[in-house]
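Some notes on the structure that comes next.
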Amino acid sequence: MNSAVPIDLTPRLERVFDVAERQTRATIARAPDFFPMYTEQGRWTRRGELWTDWCGGFFDGIMWLLYERTGDAWLRDRAEHYARLLAPRRFDREVHDLGFIFLNSYAPWFRHTGDAAFRHAMIDAGRTLALRFQPRGRYLCSFIGRDSLFIDIMMNVPIIYYAARETGDAALREVADTHCRTTERVLVRANGGTAHEGLFDTATGEFLRQSTHQGWSADSDWSRGLAWSLYGFTTVYGYTSDPADLAVARRNAEHWLTRCGGDPVPPWDFDAPAGPLRIKDSSAGAIAASGLLELARTLEKLDAEGAARYRAAAFKLLAALCGDDYLADPATGWEGVLRHGVYHYHKGLGVDESVMWGDYFLLEAVAKALGLR
Ligand code: GLY
């Protein structure tokens with residue numbers, strides 16, 4: 001148990017594991033071998049547009065977290081089975097999400113077995129992701145095209161760092177470092193906010209402008225993008241020990257806290273206008289909670305006061321997300337764990353619904369808070 005967790009929060013955190021276990025068992029029984037992404041009126045859709053196929057590792061990651069909590073052999077068996085289904089994705093050139101897919105599935109599998117095959121799968125995935133590098137603009141391009149850089153890739157670049165560390169491949173490491181510096185330069189704003197996308201001239205490599213797909217506007221703060229950056233740069237610092245990475249994560253965290261103000265759960269975009277458009281994205285909150293806990297852990301010996309502040313902010317977020325307003329009640333027929341998430345507002349995908357990464361990062365944050373990870 002993490003002694004810093006407020007005493008009255010602990011039962012709520014434990015309830016999240018109970019809800020997640022019940023929902024996961026039911027989802028597996030209902031649709032074996034299916035990787036859910038977002039719900040429609042509370043039910044995981046099997047016919048909705050994916051936009052891009054990036055979520056397999058989250059469902060499998062939930063199974064690993066549940067197994068680690070319970071020691072249940074059936075959950076372990078399912079976690080291994082679903083991870084096996086993901087294996088071919090390590091060579092997938094269509095997505096920029098190989099960190100999301102493999103670090104939440106094969107990393108725990110490797111940790112629990114020490115089997116070199118799983119370490120190799122992650123190395124393959126890291127090498128595949130590195131093939132997205134654009135030497136002219138000096139970034140890993142998004143699935144949209146060679147001219148596009150996404151803030152989300154900061155959560156995936158750690159698998160390149162992993163592959164570089166495990167193989168000693170300096171060129172891989174250089175790709176990852178270069179991507180981070182370009183992202184900092186073109187997507188992280190002076191106030192610590194972030195743009196979703198940067199567009200480049202592929203012929204010259206010149207940066208053209210900031211843009212967005214899932215945010216309100218090119219110059220707005222899409223809350224999930226900010227959370228990806230905060231968590232991503234924190235994770236990268238774990239590999240690089242480069243103060244520049246930690247500094248970006250802290251600027252993101254400060255901006256997050258400023259923009260949230262008194263309400264810990266953010267709107268889907270901090271600049272969405274007041275009124276019916278300004279709905280919550282609980283998944284951004286879950287990512288930020290887990291990222292803030294990671295940042296607090298990272299800062300423990302460097303800045304104990306800062307660490308305590310970020311940890312307190314994470315607990316405040318978790319207190320809200322684990323309460324009745326956000327945590328699903330399985331008895332109602334809702335199939336996700338965390339309600340009020342948003343996938344793609346403009347496309348109308350998963351708006352005010354459960355989204356698989358929201359469920360995953362909530363459970364991950366809870367596991368960290370309970371001292372399980
Ligand atoms: N594709 C990543 C996201 O929706 O945040």
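All heavy atoms count here, side chains included; hydrogens, waters and symmetry mates do not. Just so it is clear, the model here is predicted, and its values are computed rather than measured.
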Between [X] and [Y], is there a side-chain N and carboxylate O pair less than 4.0 Å apart?
{"X": "Arg251", "Y": "Glu254", "result": "no"}
{"X": "Asp263", "Y": "Lys280", "result": "yes"}
{"X": "Glu353", "Y": "Arg339", "result": "no"}
{"X": "Arg15", "Y": "Asp324", "result": "yes"}

Pairing donors with acceptors under 3.5 angstrom, does anything connect the side chains of [X] and [Y]?
{"X": "Asp269", "Y": "Ser220", "value": "yes"}
{"X": "Thr212", "Y": "Trp222", "value": "no"}
{"X": "His213", "Y": "Glu197", "value": "yes"}
{"X": "Thr202", "Y": "Asp147", "value": "no"}
{"X": "Ser148", "Y": "Ser142", "value": "yes"}
{"X": "Asp33", "Y": "His81", "value": "yes"}
{"X": "Arg76", "Y": "Tyr67", "value": "yes"}
{"X": "Asp60", "Y": "Trp64", "value": "yes"}
{"X": "Trp44", "Y": "Thr39", "value": "no"}

| request: Determine the interplanar angle of the Phe102 and Tyr106 rings, folded into 0 to 90°, and report it as parallel if under 30°, tilted if 30 to 60°, perpendicular if over 60°. | output: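 Phe102 and Tyr106: tilted rings.
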
| Minimum side-chain heavy-atom gap Met154-Val236 below 4.5 Å |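 Yes. Closest side-chain heavy atoms under 4.5 Å.
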
| Taking side chain as C-beta onward, heavy atoms only, is Phe100 less than 4.5 Å from Trp228? |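 A side-chain contact exists here, since the closest heavy-atom pair is under 4.5 Å.
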
| said: I'd like to check the side chain to side chain contact (heavy atoms under 4.5 Å, CB included) partners of Gln210; sequence neighbours left out, ordered by chain and number. | reply: Arg189, Ala195, Phe207

Quick check: does any side chain N or O of [X] sit under 3.5 Å from a backbone N or O of [Y], one acting as donor and the other as acceptor?
{"X": "Ser282", "Y": "His340", "result": "yes"}
{"X": "Arg165", "Y": "Ile160", "result": "no"}
{"X": "Asp281", "Y": "Gly341", "result": "no"}
{"X": "Asp221", "Y": "Phe270", "result": "no"}

